[in-house]
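Everything on this sheet refers to the single structure shown next.
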Amino acid sequence: MGRLQSIKIDVFTILCFVGAWIFVTLVIFPLQSRFLMFADVASLLFLPHGVRILATWLTGARAIVPLTLAEALAASIIWGWDGLQSQWTILAASVVGGSSAFITFRLFLLAGISCTAKDHGMRLWRVLLLVALGASIINSLGKAIVLGEVFNPMDTTKVIATFIIGDVLGAASCLMLMLFAFRHLQRP
């Protein structure tokens with residue numbers, strides 16, 4: 001892969017992640033807040049996690065930097081930078097998010113679980129959903145530590161559970177969209 005192609009993939013990853021986060025913020029979260037009283041902490045369909053899983057699955061460790069930058073960019077667009085403490089918190093949370101999928105893929109590999117289409121065929125989506133769950137747990141726990149001052153300790157379990165549900169449903173949605181796109185692109 002050439003340098004220019006790598007840069008294009010990184011930019012595409014950043015645009016997809018930020019675009020998905022803005023969509024969740026402007027469309028999904030307001031809808032769920034209006035209709036689901038218990039879902040006021042995080043999105044129950046967090047599409048950026050799907051981008052995180054797919055980008056890491058396709059490019060490996062190479063996805064960490066663009067995902068970290070994308071998360072920092074999206075967070076700064078949506079929440080803004082409120083001083084040095086806020087900047088460090090957003091950057092630390094972004095590193096957690098940007099690396100969580102890669103860490104999970106590595107843990108699966110260490111456990112002897114392959115995450116390739118060659119080994120799983122049409123059932124690969126099940127393995128990728130398990131990776132999404134693992135990455136969400138790592139991401140949620142890491143961010144609960146980093147963002148600890150933002151959440152009431154009594155709400156931490158609720159926040160983590162909502163993050164995990166939203167991440168897995170977001171990843172499942174992205175996987176379904178990807179499968180749908182591939183099937184329609186392959187048709188003559």
Side-chain angles (χ1 to χ4, degrees), residues 1-30 32 41-107 115 128-129 131-147 150-151 159-160 162-178 181:
M1 180 176 353
R3 179 110 172 107
L4 182 60
Q5 186 176 0
S6 294
I7 292 170
K8 287 180 182 179
I9 291 170
D10 292 348
V11 169
F12 182 73
T13 300
I14 292 169
L15 291 175
C16 286
F17 190 94
V18 172
W21 198 338
I22 290 171
F23 179 77
V24 165
T25 302
L26 296 178
V27 177
I28 294 174
F29 194 73
Q32 84 177 28
V41 179
S43 173
L44 289 173
L45 185 65
F46 192 67
L47 299 172
H49 191 65
V51 173
R52 185 183 291 141
I53 298 303
L54 291 173
T56 306
W57 175 60
L58 293 170
T59 64
R62 176 149 184 70
I64 294 172
V65 171
L67 288 171
T68 300
L69 292 173
E71 191 154 338
L73 179 62
S76 66
I77 289 170
I78 292 163
W79 298 320
W81 296 94
D82 294 335
L84 187 60
Q85 181 66 28
S86 171
Q87 292 172 9
W88 286 113
T89 302
I90 288 174
L91 289 174
S94 298
V95 168
V96 169
S99 61
S100 62
F102 180 74
I103 292 168
T104 306
F105 276 110
R106 282 299 182 190
L107 290 172
C115 297
L128 291 178
L129 282 180
V131 170
L133 175 62
S136 180
I137 291 168
I138 290 170
N139 184 41
S140 299
L141 292 175
K143 285 187 179 169
I145 292 167
V146 170
L147 302 173
V150 176
F151 299 116
V159 170
I160 289 173
T162 307
F163 280 169
I164 292 170
I165 291 167
D167 285 351
V168 173
L169 290 177
S173 298
C174 285
L175 284 170
M176 287 190 309
L177 286 171
M178 184 184 79

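The analysis underlying the following values was restricted to heavy atoms, covering all of them including side chains, and did not include hydrogens, waters or symmetry mates. Sequential numbering from 1 along the given sequence is applied to the chain's residues.
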Exercise. Between A70 and I14, what is the shortest heavy-atom contact and its length?
Worked result: CB-CA, 3.8 Å
Seminar exercise, completed: So CG of L44 and CZ of F163: to nearest 0.5 Å the spacing works out to 11.0 Å
Problem set entry | Closest non-hydrogen atom pair, V146 against A92 | CG1-CB, 3.7 Å
For this session: Could you check if a side-chain atom of R62 sits within less than 4.5 angstrom of a side-chain atom of D10, using non-hydrogen atoms only?
Result: yes
Exercise. Under the side chain to side chain contact (heavy atoms under 4.5 Å, CB included) test, which residues partner I28, sequence neighbours left out?
Worked result: F23, V24, Q32, S43, L45, L47
Exercise. Can you tell me if H49 uses its side chain to pair, donor with acceptor, with the backbone of G166 under 3.5 Å?
Worked result: no
Exercise. When rounded to the nearest 0.5 angstrom, what distance separates CD1 in I137 from CD1 in I164?
Worked result: 5.0 Å
Exercise. Say you draw a straight line from CG of L15 to CD1 of I22; how long is it, rounded to the nearest 0.5 Å?
Worked result: 10.0 Å
Seminar exercise, completed: Taking every heavy atom of A63 against every heavy atom of T59, the minimum-distance pair comes out as CB-OG1, 3.3 Å
For this session: Test I138 against L107 for side chain to side chain contact (heavy atoms under 4.5 Å, CB included), laying out the working first.
Result: CA-CA 11 Å; I138 290 170; L107 290 172; 4.0 Å; yes
Problem set entry | Distance (rounded to the nearest 0.5 Å) between L58 CG and I9 CD1 | 8.5 Å
Problem set entry | Distance-minimising heavy-atom pair for A74 and W21 | CB-CE3, 3.0 Å
Show which side-chain atoms of residues 99-106 pair as donor or acceptor with protein atoms under 3.5 Å away, not counting sequence neighbours.
from : atom 1 : to   : atom 2 : distance (Å)
S99  : OG     : V95  : O      : 2.7
S100 : OG     : G97  : O      : 3.2
T104 : OG1    : S100 : O      : 2.8
T104 : OG1    : A135 : N      : 3.2

Problem set entry | Between CZ on residue R52 and SG on residue C174, distance to nearest 0.5 Å | 11.0 Å
Problem set entry | Full working for side chain to side chain contact (heavy atoms under 4.5 Å, CB included) between F17 and L67 | CA-CA 7 Å; F17 190 94; L67 288 171; 3.9 Å; yes
For this session: To the nearest 0.5 Å, tell me how far K143 NZ sits from S94 OG.
Result: 6.5 Å
For this session: Compare every heavy atom of C115 with every heavy atom of W57, then report the nearest pair and how far apart it is.
Result: NE1-O, 2.7 Å
Problem set entry | Minimal non-hydrogen separation, A20 against V51, with atom names | CB-CG2, 4.3 Å
Problem set entry | Chi angles and distances behind the side chain to side chain contact (heavy atoms under 4.5 Å, CB included) call for I53, V131 | CA-CA 8 Å; I53 298 303; V131 170; 4.2 Å; yes
